[in-house]
> 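Have a look at the structure that comes next, please.
Here the structure is a predicted model, which is why all the values come from computation and not from measurement.
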Amino acid sequence: MTSWIDTHCHLDAAGFSADVAGVRARAAAGGVAHCVLPAVAAGNFEAVRLLAHRFSDSYALGIHPLCVPEAQEADLQALDAELALRQSDPRLVAVGEIGLDYFEPALLQSPMRERQEFFYREQLKLARKYGLPVMLHVRRSADKLLRHLRELKPEGGWRGIVHAFNGSEQQAFEFIKLGLKLGFGGNVTFDAALQIRRLASQLPLDALVMETDSPDIPPHWIYRTTQQRTDGQGQGRNEPGELPRIAAVLAQLRGMPLEALAQATTANALQAFPRLRELVAC
């Protein structure tokens, strides 16, 4: 069976709580051998760690930009302490999900815009302190994200993943030059996503990793428009088990065999998060 790594999956989301074991079992049955579970706030550090150990997956610890409005500076201290406590845990593979979000209006205006940057920079410093890769959230903020990455670049350079990449080709190559991989998921399945589909099909193969961001970013066969939901059509739930079908769309866009894409994106994920090499059978 073709084997995949879902490099970004929120198994701790409330929508999975009733049947998380079934969700993970379906993914495994479909060939998803490993999932990386990012935290989004100090309150779910323990949840992602326990789930990663329960299902032989891995996790990242960080404070998501959408959670910055409720976060306290004490949460950064808690993150520092947790990273110190878990630094010998092989299932801790990155600092994340961290980054900047300039899409949400409330986060775009001062003082929240500057507060986001403060939390982002402090977490980059923690990644550098503990020698960990980063898992980056970027929405309409790529240039600012890049600026801070350059300013705080560790001696050996960055490793990690730009999650749900949706920037320009130039920005893509700037991230790649810094040593980062680019995550692609359900967005590539939409015919109207011309820019994302073009980049996914043309960027260097060694820069790509696969992800679902489940339960978010559903592929087109699950997504329902507002009108469809109003008409009574239920919104499908994105799961890590959708990854092979999403990958099949990307393989078709690139004109390459599915197995070759699986091998390449798995190798790329191991480069992005080196601790995965001890966890994933290749």
Side-chain angles (χ1 to χ4, degrees), residues 7-10 36-45 48 60-80 83 93-130 132-154 157-185 187 195-196 199 203 207 209 211 213 216-217 272-273:
T7 61
H8 198 109
C9 168
H10 296 280
V36 184
L37 317 180
V40 297
N44 78 322
F45 289 172
V48 296
L61 297 175
I63 299 166
H64 194 293
L66 294 181
C67 295
V68 164
E70 292 77 35
Q72 306 296 321
E73 290 188 30
D75 293 338
L76 291 170
Q77 298 167 9
L79 175 58
D80 190 356
L83 291 172
V93 298
V95 171
E97 178 178 355
I98 67 173
L100 298 170
D101 193 306
Y102 294 161
F103 176 79
E104 295 292 336
L107 295 177
L108 184 58
Q109 306 302 321
S110 295
M112 203 52 62
R113 185 183 181 103
E114 292 76 18
R115 186 167 175 80
Q116 275 197 83
E117 287 193 52
F118 169 74
F119 270 78
Y120 174 49
R121 284 183 65 90
E122 291 303 304
Q123 292 181 97
L124 288 180
K125 292 175 186 176
L126 290 175
R128 189 173 62 181
K129 175 181 177 179
Y130 291 102
L132 286 168
V134 289
M135 181 184 287
L136 300 176
H137 174 98
V138 50
R139 280 208 299 181
R140 298 185 182 176
S141 57
D143 290 337
K144 186 70 75 171
L145 229 73
L146 284 161
R147 173 187 159 189
H148 293 302
L149 288 167
R150 294 187 189 107
E151 290 179 358
L152 296 171
K153 186 170 69 172
W158 290 108
R159 288 182 184 267
I161 293 172
V162 184
H163 153 60
F165 180 75
N166 59 3
S168 68
E169 182 175 2
Q170 179 181 359
Q171 289 166 339
F173 278 103
E174 290 301 313
F175 282 117
I176 292 168
K177 279 176 14 183
L178 285 172
L180 299 165
K181 307 298 183 184
L182 308 175
F184 288 91
N187 285 350
Q195 169 79 345
I196 290 174
L199 290 172
L203 286 171
V209 295
E211 60 174 51
D213 195 28
D216 299 321
I217 314 186
F273 299 146

> Could you tell me the separation between the CG atom of Leu145 and the CD atom of Glu117, rounded to the nearest 0.5 Å?
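CD of Glu117 is found 9.5 Å from CG of Leu145.
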> Can you name the nearest heavy-atom pair linking Ala272 to Ile161, along with the distance?
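Residues Ala272 and Ile161, closest heavy atoms: CB-CG1, 3.7 Å.
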> Given side chains that start at C-beta, do those of Leu132 and Leu61 come closer than 4.5 Å, heavy atoms only?
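The answer is no, as the side chains (C-beta and beyond) never meet within the 4.5 Å cut-off.
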> Between Thr7 (side chain only) and Val209 (backbone N and O only), is there a donor and an acceptor less than 3.5 Å apart?
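Looks like no, no N/O pair under 3.5 Å.
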> Would you say Tyr130's side chain and Asp80's backbone share a donor-acceptor pair under 3.5 angstrom?
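Yes.
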> Under 4.5 Å between any side-chain heavy atoms of Val68 and Phe118, yes or no?
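Counting from C-beta outward, Val68 and Phe118 never come under 4.5 Å.
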> Which residues satisfy the side-chain hydrogen bond (donor to acceptor under 3.5 Å, both in side chains) test with Asp101, sequence neighbours excluded?
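Scan of Asp101 (side-chain hydrogen bond (donor to acceptor under 3.5 Å, both in side chains), adjacent residues dropped) gives His137, Arg139.
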> For the backbone of Gln171 and the side chain of Ser168, can you confirm whether one donor and one acceptor N or O come within less than 3.5 Å of each other?
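Side chain of Ser168 to backbone of Gln171: a pair is present.
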> Thinking salt bridges, do Glu151 and Arg147 make one under a 4.0 Å N-O criterion?
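So Glu151 pairs with Arg147 through a salt bridge.
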> For a 4.5 angstrom cut-off between non-hydrogen side-chain atoms, does Glu73 reach Glu122?
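Not in contact.
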> State, yes or no, whether a side-chain contact exists between Tyr120 and Leu149 at a heavy-atom distance under 4.5 Å.
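Side chain of Tyr120 against side chain of Leu149, heavy atoms only: contact under 4.5 Å found.
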> Which heavy atom in Gln116 sits nearest to a heavy atom in Pro65, and how many Å separate them?
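Looks like OE1-CB, 3.2 Å.
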> With rounding to the nearest 0.5 Å, note down the distance linking CZ in Phe273 to NZ in Lys181.
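It is 11.5 Å, given to the nearest 0.5 Å.
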> For the pair Phe184 and Leu203, evaluate side-chain contact (heavy atoms from CB on, under 4.5 Å) and give the outcome as yes or no after the intermediate values.
CA-CA 11 Å; Phe184 288 91; Leu203 286 171; 4.1 Å; yes
> Taking all atoms of both residues into account, what is the closest heavy-atom pair of Tyr102 and Arg113, and its distance?
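Nearest heavy atoms, Tyr102 then Arg113: CE1-NH2, 3.5 Å.
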> Within a 6.0 Å radius of atom CD on Glu114, are there more than 12 heavy atoms belonging to other residues, nucleotides or ligands?
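Buried by this count: over 12 neighbours within 6.0 Å.
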> Using every non-hydrogen atom in the two residues, find where Ala39 and Phe45 come nearest and quote the distance to one decimal.
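So the two residues come closest at CB-CD2, 3.7 Å.
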> What are the two closest heavy atoms between Pro133 and Val93, and how far apart are they?
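That closest heavy-atom pairing would be CD-O, 3.2 Å.
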> Quick one: does Pro38's side chain get under 4.5 Å of His10's, heavy atoms only?
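A side-chain contact under 4.5 Å exists here.
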> What is the distance from atom CD of Glu97 to atom NE2 of His64, rounded to the nearest 0.5 Å?
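Between Glu97 CD and His64 NE2, I get 3.5 Å after rounding to 0.5 Å.
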> Is any side-chain heavy atom of Leu108 less than 4.5 Å from a side-chain heavy atom of Arg140?
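When only atoms from C-beta onward are counted, Arg140 and Leu108 do not touch, as no gap falls below 4.5 Å.
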> Which residues pass the side-chain hydrogen bond (donor to acceptor under 3.5 Å, both in side chains) test with Arg150, sequence neighbours left out?
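Expected list: Glu174.
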> Taking the side chain from Glu169 and the backbone from Leu199, do they hold a donor-acceptor pair closer than 3.5 Å?
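No, because the side chain of Glu169 does not come within donor-acceptor range (under 3.5 Å) of the backbone of Leu199.
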> Can you name the closest pair of heavy atoms from Ile98 and Gln123 and give their distance?
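Minimum heavy-atom contact is CG2-OE1, 3.1 Å.
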> Quick one: pull up CG in Leu182 and CD1 in Ile176 and give me the separation to the nearest 0.5 Å.
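Going from the CG atom of Leu182 to the CD1 atom of Ile176 covers 5.0 Å.
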> How many angstroms lie between CG in Leu37 and SG in Cys9, if you round to the nearest 0.5 Å?
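SG of Cys9 is found 6.0 Å from CG of Leu37.
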> Could you measure the distance from the NZ atom of Lys153 to the CH2 atom of Trp158? Nearest 0.5 Å is fine.
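The NZ atom of Lys153 sits 10.5 Å away from the CH2 atom of Trp158.
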